[in-house]
Every structure is written in structure tokens, then in C-alpha cells.
Amino acid sequence: MPTAAPAAPEPSDFIRDIVAADIASGKHTRIHTRFPPEPNGYLHIGHAKSICLNFGIARQFGGICNLRMDDTNPTKEDTEYVDSIRRDVDWLIGGWATDTLGLKRVGADDGRVVVADDGRVVVAGDGRVVVAGDAEPGTALEPFYASDYSGRLYSAAVRLIEAGKAFVCDLSAEQMNEFRGTPTLPGKDSPFRGRTAAENLDLFARMRAGEFPDGARTLRAKIDMASPNVHLRDPALYRIRHAEHHRTGSKWCIYPMYDFAHPLSDQFEGITHSVCTLEFEVHRPLYDWLLAALDLPAPLPRQIEFARLNLGYTVMSKRKLLQLVEEDLVTGWDDPRMPTISGLRRRGVPAQALRTFATAIGVTKFNGLTDVAVLEHIVRTELNTVALRRLAVLSPLKVVLTNIPAGEVIEVEAVENPGDPSAGTRKVPFTREVYIDRDDFMEVAPPKYFRLRPGGEVRLKYACIIRCDEVVKDAAGEVVELRGTALLDTRSGGPDSGKKVKGTIHWVSASHAIDAEVRLYDRLFTEELPEKDGRDFRTVLNPRSCVVVQAKLEPALARTVPDTRYQFERLGYFWPDPKDSTADRPVFARTISLKDAWAKETAKA
RNA sequence: UGCCCGAUGGUGUAACGGUAGCACAGCAGAUUCUGAAUCUGCUUGUCAUGGUUCAAAUCCAUGUCGGGCAACCA
């Protein structure tokens, strides 16, 4: 295994500045963040940014980051998503922040996370360690679930009612919309706003008991219908939903809203910094109001917002990704063209590359568009250091080297990784008949073309220089074969090995090559902004986002090592598709192409 | 047009009242048994206008532009 890159300096951003200041001022003596996805879709690279931020902060400040399923809407959530989220988080932070992953003992619920005398985080009243890295071996751990807090959330709502700060409202959804006013016009008080605490308590209990149908009543905060912030205009806290919840089953028929459940979940878990995206900025006054209204003890969690990731040549919202999946525009959530974490993983992108990317793009409140070239560059850099070099021909053109006797096998030595001598070398068979890529031969070539042309010479990497003597065509005039001479004295290590030619190309021995399907992935969309000016992103799908070819590979590729990345020399980084590749029928996926200065040159012309 | 937030090269980000830096992209060259990698060099920026100050990207005011907010979603 190559040694890890030297430890990068810890990142710095305005959120980490706040965290550091809160420690310096003594406001907090420990740091606790959380990553709270709703299990209604797969995680994508935007979530990766958030994961790296939240776990990165925990790591940097010796704290913990809880994984919490924000599952307060039974109609949208599913255990398939819970499982995928767990997998993706484990993979992304594996070996990096696993020690900071906050989980809880399976079944432990309604537990307040507190710090014990020895500094360990435990669930109060339970006493069990909940940090994954600290857990006793064999302890079954699971993420936190907002739905586990149903009981305590309900109690908090009751207290709010008792304090006269919440009321049961009989307005329908449409009526509530009318009463809310508009951003420019103040709203009107609900006619049910004046109900007594006793009446509210009774009604809320009956809501819970299932006496009313869906939508019949809500529990609302009593704040200010004239507030310029519409989220403060007596927002709904609980709604009636007679629905099966993926976790609590039919135990509850009332479910808390995000604005009610989230700040309280944070507080229950002892979260110190609740980091979320910009669209929740206007919710922050409500977040703070709720914690204050319940008179909860300091230090209270603080919500901080940052800009979500926007990446070129892709779409990012769960809704659109779901659409791609449901309309079979891709093969699934883990299609290697998807910006999902599972898609990127299957594509062959290392977790470390995603982490490096998350750090590289920074954290601010500016809503920008990140150039996908940054991601591509980081993936190449990461792979370049670890990938084993291999020879592979994607579009084979046979070359017969007439001066090599049929049946003779010349073993040439090839380096595994030029940047890592310890990776060693391997033998590659070189014979009379080889395949080269069609791109590496031109019958009529421009002056700056360095590869093979009639009468020209080129070096076969690791072997020797060859000369093209004859071009064989079929009836249609297509080039079907080349015949040439191997200049054996120019062999690597041979007497004329120092001879210079402009070009060096890759090749495989025709008789030794193995056949394999190779999937050449490219950007999913042809436009950097798929939805620019309101256009339907489906109209700019890249028809060449997955090009499948039958390739000829050097024999060493018959045996691949799990989790190993390969560079097909001069082409790009590849690895066996973890789902579809078998020993009988190898399937390789291109993670990313190599930079191609020649392609750029020809594109200019 | 009510409230909230933001604005630094093409893109993303740093500079926390004192030399506008870094990365990507781009361009030019060196090197190369990968037209990769590596190495050199270069181009390009503080939204505008006022104000405070010895000194402003930074503080203040106004404007401009961009984003967010009116689910019983999160």
C-alpha cells in the first residue's frame, strides 16, 4: 500500500471560526455536531460536503458527530434509504472520522446524550457508550432517529401548550394559507388562537388518540401573525397523519414538523453546532424561539447555515435524481454517472478524493457554481498515486510485425507505478501480432501527429520501436491491418534503447489479450447548467455519457485485486465494476479519463 | 417589492483596518518510453458611489445585481 499523503493542514472556514471561538470563550467545553439526512433518497456529493464538514469539525475539535435520520414524515421515508445512507456515510468517513461517528445502542431511545465524568459520551439513564469507535466490541449500534423522540417531543408540545405558547387550530390547510398572508402582507390570527390551555391539552391528546382524520387539526405555535418572517406566523408544529411509519409503525398518528422536531432533537442529543444549508436561514428565529419558549438549559445548540454545493454538468436535488432513476434515464441510484455517493463509489472514485474535494471547495455563504474540473482534477491526482499501470486497447487495430517469428513470445518488463517504485514490475508478453488503438494510427496525419503513420515509427511502450511498412485495407477501403517491422535493438534495455521517436503508444499481444467489456463514462449532461433558463434537464442528457466497447486487455488484467485502481496507460483510470464484473465476464468502468492535450489541440483546429 | 442572506480574476476560495494570495481552468515553454504526471513562466480580480481613517476587499451609508422565504415537506 502506498503511504498516505502528508497530513493536510486542518481546514479553516467561518463555521470552524465560530466553533473555535465558542471553545475559547468557554461557551462549550466539548463539540457535538450532527448529520441529519431525511431518509427519502440517496445521498449525493452535496451531502458529502455536509458530511465532511460536520464530521471534519468533530474530528478537528475532538468532538462527535451524530448520524441522525430526520424521519418525521412517514409518507416519504423508507428503510431502503436508511440503509443506503448508513452505507454511504460509513464508506465516506471510513478510516478518517469513524472515531467521531455518534451512534446509539440499538433500541436505546428517548435517551439524552450527556458527557460522563470520564469525558465519554453516554446515553443518560442507560449508561452505554454510544460513540462507534468507543463501543464495546459486539455492541449493536444504530443511528439516532428523530422518530425515537416521539414521546419526548410530545411532552415538549404539552409543555408549550401549558405555557400558553401553542394552540390547537381547526383551520384547513387552505384556510391556513389564506390566514398566513403574504410576504408583503401580514396574516390574520386564527379564530382558534384564543383557546384555553385546558381545551388545547384535551384536543391535542385527542389528536394523538386518533379521534380526528388527517388534516382536521394542527398544533400551532403562538407567535406573531404579523411577523415579517412568515415562518414566525404561528407555524404548524404537529399534523395528523394516519400513516404507517417505517420505524414506529402505527404507534403514532400525529407527527411533528421539521421546525419543531429539529431544534429539539439537537437539544436532546447535546448538539452544540447545528450546521445546515442556506435555505434554513429564515427558520433560525423559529429554531431559537422554540428552545427559548421551552426554557431549556444553556448551552443551547446554535444553528449555522452554509451554501450547498452546486456542481457543473449535473443535477443535485433528490427530486431530480429520483426522476432520473424512475424514468430509467440511468440504471439506478448507484449508476456510475450519478452524482450520488453510491454512484461515485461504483464509478471508482475513492472516498479520499471526495474528502479532498469537500475541503478544496471551502465553506461559505456564497451560492456559487463549482467547476466540475476541480472534482475531476482531484480524482485524477488521487488515482495517479495509487493506480497500477496496465496496457489496454479499446478500439483494436492489428499490427503484424513481420520480422518476429510466429509463436515467439518476448517477455518485456513493465513498471506497475512510475510514481511508486516499491510497486514493482510485471512481465508483459510481446509477439508477432499486436493490437494498437485505431486512434494511434493515421493514414494521412497532420505534421504534429506523433503516433504511427505509413512509413513512420513509434515506440510500443515497454517493448521497442516499430515501423509501419504496409497498410492493409478491405474492399470498402477501411484499414483492417498494419504490417511492419519491430526494431528489436531499440528494446527497453537493448543497445539502441536510447533511440528517440516522437510517440510512444500502448498495445497488447493479440494472442494473449483478454476480452472485456469496458464502459466509458462521461458527464451525464452536455451543458454545465442543465436547467439554465428553465429548460428541462432531460433535453440535455449526454448521449455519450456511457459508451460501451469491447476491449483487448493485457493478460495481467485477468486477475484483479478487489478495491485496486488501474490506469490504462494513456487512456484513463479504470476498475472492475463492483456489480457487474465477474471472473468469466470482466467489466471495467472508466472512473475518469487522463487529460488529453492532443485532443485539445485537435479540437482547436 | 415585506423580511433574511450574499457579492474578491473565467470558476471556487484566502486575506479578520496595513504587500490582494491559493487552487482549478486557460496560455507559453522545459521534460517525458503515458501528448499523463512533473517543472518554469504568464494572463486575468476587490459590484458601484459616497463616507470614516495616516491607511478600506475589510468599518458605515446608499444603490446595483444575485440567492432564499408565503408545504399540515425537510
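The model shown is predicted, which means the values in this text are computed figures rather than measured ones. In what follows, chains carry the letters A, B, and so on, assigned in the order in which the sequence lines appear, proteins first and then strands, with residues in each chain numbered from 1.
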### Task
Could you check whether V374(A) gets within reach of a base, just the sugar-phosphate, or nothing at all, counting any heavy atom under 4.0 Å?
sugar-phosphate

### Task
Would you please name every residue forming a salt bridge (charged side-chain N to carboxylate O under 4.0 Å, His left out) with E376(A), sequence neighbours left out?
R523(A)

### Query
NA contact type, T75(A), heavy-atom cut-off 4.0 Å: base, sugar-phosphate, or nothing?
nothing

### Summary
RNA chain B: first to last nucleotide in contact with chain A (atom under 4.0 angstrom from a heavy atom), 5' to 3', is rU1(B) to rA74(B)

### Message
Going by side chain to side chain donor-acceptor pair (under 3.5 Å), name the residues that satisfy it together with K365(A), two or more places apart in sequence or in a different chain.
### Response
E281(A)

### Message
Counting the atoms with a prime plus P, OP1 and OP2 as sugar-phosphate, which does Y462(A) contact under 4.0 Å by heavy atoms, base, sugar-phosphate, or nothing?
### Response
base

### Message
Side chains of L322(A) and R319(A), heavy atoms from C-beta outward: is any pair under 4.5 Å?
### Response
no

### Query
What pairs with E244(A) under side chain to side chain donor-acceptor pair (under 3.5 Å), at least two apart in sequence or on another chain?
none

### Task
Give S172(A) one of three labels, base, sugar-phosphate or nothing, depending on what nucleic acid heavy atoms sit under 4.0 Å from its own.
base

### Query
Which part of the nucleic acid does R180(A) contact within heavy-atom distance under 4.0 Å: base, sugar-phosphate only, or nothing?
sugar-phosphate

### Paired and unpaired positions of RNA chain B as dot-bracket, Watson-Crick or G-U wobble under 3.5 Å, | denoting a partner strand
.((((((..((((....[..)))).(((((.......)))))....(((((..]....))))))))))).....

### Task
Please list, by residue number, the residues of residues 252-259 of chain A whose heavy atoms come closer than 4.0 Å to an atom of RNA chain B; answer none if no residue qualifies.
P256(A), M257(A), Y258(A)

### Summary
On RNA chain B, more 5' by nearest nucleotide between Y573(A) and K500(A) is K500(A)

### Query
If you look at every strand shown and take non-hydrogen atoms under 4.0 Å, does R308(A) touch a base, only sugar-phosphate, or nothing?
nothing

### Message
Run the salt bridge (charged side-chain N to carboxylate O under 4.0 Å, His left out) test against R302(A) and tell me which residues pass, sequence neighbours left out.
### Response
none

### Query
Could R34(A) and F144(A) be counted as a cation-pi pair, given that NZ or CZ must be under 6.0 Å from the ring centre and within 45° of the axis?
no

### Summary
For K461(A), the salt bridge (charged side-chain N to carboxylate O under 4.0 Å, His left out) test, sequence neighbours excluded, returns E569(A)

N/O donor-acceptor pairs under 3.5 Å from side chains in residues 493-504 of chain A, not counting sequence neighbours:
residue : atom : partner : partner atom : Å
S497(A) : OG   : G494(A) : O            : 3.2
K499(A) : NZ   : E457(A) : OE1          : 3.2

### Message
Tell me which pairs pass side chain to side chain donor-acceptor pair (under 3.5 Å) where either residue lies in residues 214-227 of chain A, with sequence neighbours left out.
### Response
D170(A)-R217(A)

### Task
Not counting sequence neighbours, which residues clear salt bridge (charged side-chain N to carboxylate O under 4.0 Å, His left out) with E178(A)? List them please.
none

### Sugar-phosphate only, base, or nothing, as touched by K461(A) at under 4.0 Å among non-hydrogen atoms
base

### Query
Got a sec, which residues hit side-chain contact (heavy atoms from CB on, under 4.5 Å) with T277(A), two or more places apart in sequence or on another chain?
E279(A), F280(A), F306(A), R308(A)

